[in-house]
Enquirer: 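Quick one: the structure is below, and I'll ask about it shortly.
Everything numeric in this text was worked out from a predicted model, so none of it was measured.
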Amino acid sequence: MTRYYFDLRDGDDLAIDEEGLEMPNLAAVREEAARTLADMVRDSITGQNLDQIAVEVRDDNGPVLDGAFAWRLRRPNS
């Protein structure tokens with residue numbers, strides 16, 4: 001199995017995953033990245049009002065997958 005690292009981007013901040021997870025295939029990596037991104041969105045709602053979060057997945061050879069979620073909350077006519 002390949003070890004994948006799920007780096008978390010929250011606005012301009014990047015948290016590097018130094019441990020990683022061993023995953024059997026890219027389908028499992030996509031599923032884990034989506035779950036991680038959903039958790040980040042849920043946690044952001046009650047915390048800072050950031051407009052972009054992302055999961056950047058890499059293996060020992062480099063980037064494999066990026067997943068991002070962006071949103072904007074604003075009042076109409078503002």
Enquirer: For Glu32 and Phe6, run side chain to side chain contact (heavy atoms under 4.5 Å, CB included): C-alpha distance rounded to whole Å, both residues' side-chain angles, the deciding distance at 0.1 Å, then the answer.
Expert: CA-CA 9 Å; Glu32 181 65 25; Phe6 294 77; 3.7 Å; yes
Enquirer: Enumerate the residue pairs fulfilling salt bridge (Lys or Arg N to Asp or Glu O under 4.0 Å) with a member in residues 14-30, sequence neighbours excluded, ordered by first and then second residue.
Expert: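 Only Arg3-Glu22 qualify under salt bridge (Lys or Arg N to Asp or Glu O under 4.0 Å).
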Enquirer: Can you measure from CG (Leu8) to CD1 (Ile53) and round to the nearest 0.5 angstrom?
Expert: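 Output value for this atom pair is 9.0 Å.
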Enquirer: Would you check, one step at a time, whether the test side chain to side chain contact (heavy atoms under 4.5 Å, CB included) holds for Asp66 with Val55?
Expert: CA-CA 6 Å; Asp66 288 333; Val55 177; over 6 Å; no
Enquirer: Just verifying a value: how many Å separate Tyr5 OH and Arg58 CZ, rounded to the nearest 0.5 Å?
Expert: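 Rounded to the nearest 0.5 Å, the OH-CZ separation comes to 7.0 Å.
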Enquirer: With clusters built from Ile, Leu, Val, Met, Phe, Trp and Tyr whose side-chain heavy atoms come within less than 4.5 Å, directly or transitively, what are the remaining members of the cluster of Ile16, listed by chain and number?
Expert: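 Ile16 clusters with Leu14.
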Enquirer: Tell me if the CG atom of Asp12 is crowded by more than 12 foreign heavy atoms within 6.0 Å.
Expert: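 Open.
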Enquirer: Do the side chains of Leu26 and Tyr4 get nearer than 4.5 Å, heavy atoms only?
Expert: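 Yes; the side chains approach each other to less than 4.5 Å.
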Enquirer: Kindly give the heavy-atom pair with the smallest separation between Met1 and Met23, and that separation in Å.
Expert: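 Looking at all heavy atoms of both residues, the closest pair is SD-C, 3.6 Å.
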Enquirer: Please name the pair of heavy atoms, one in Ala33 and one in Leu65, separated by the smallest distance, quoted to 0.1 Å.
Expert: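 For Ala33 and Leu65, the tightest heavy-atom pair comes out as CB-CD2, 3.8 Å.
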Enquirer: Roughly how far, to the nearest 0.5 Å, is the CG atom of Asp39 from the CZ atom of Arg42?
Expert: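 Spacing of CZ (Arg42) from CG (Asp39) equals 4.5 Å.
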Enquirer: Say you draw a straight line from OG1 of Thr36 to CG of Leu21; how long is it, rounded to the nearest 0.5 Å?
Expert: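 One gets 8.0 Å once the value is rounded to the nearest 0.5 Å.
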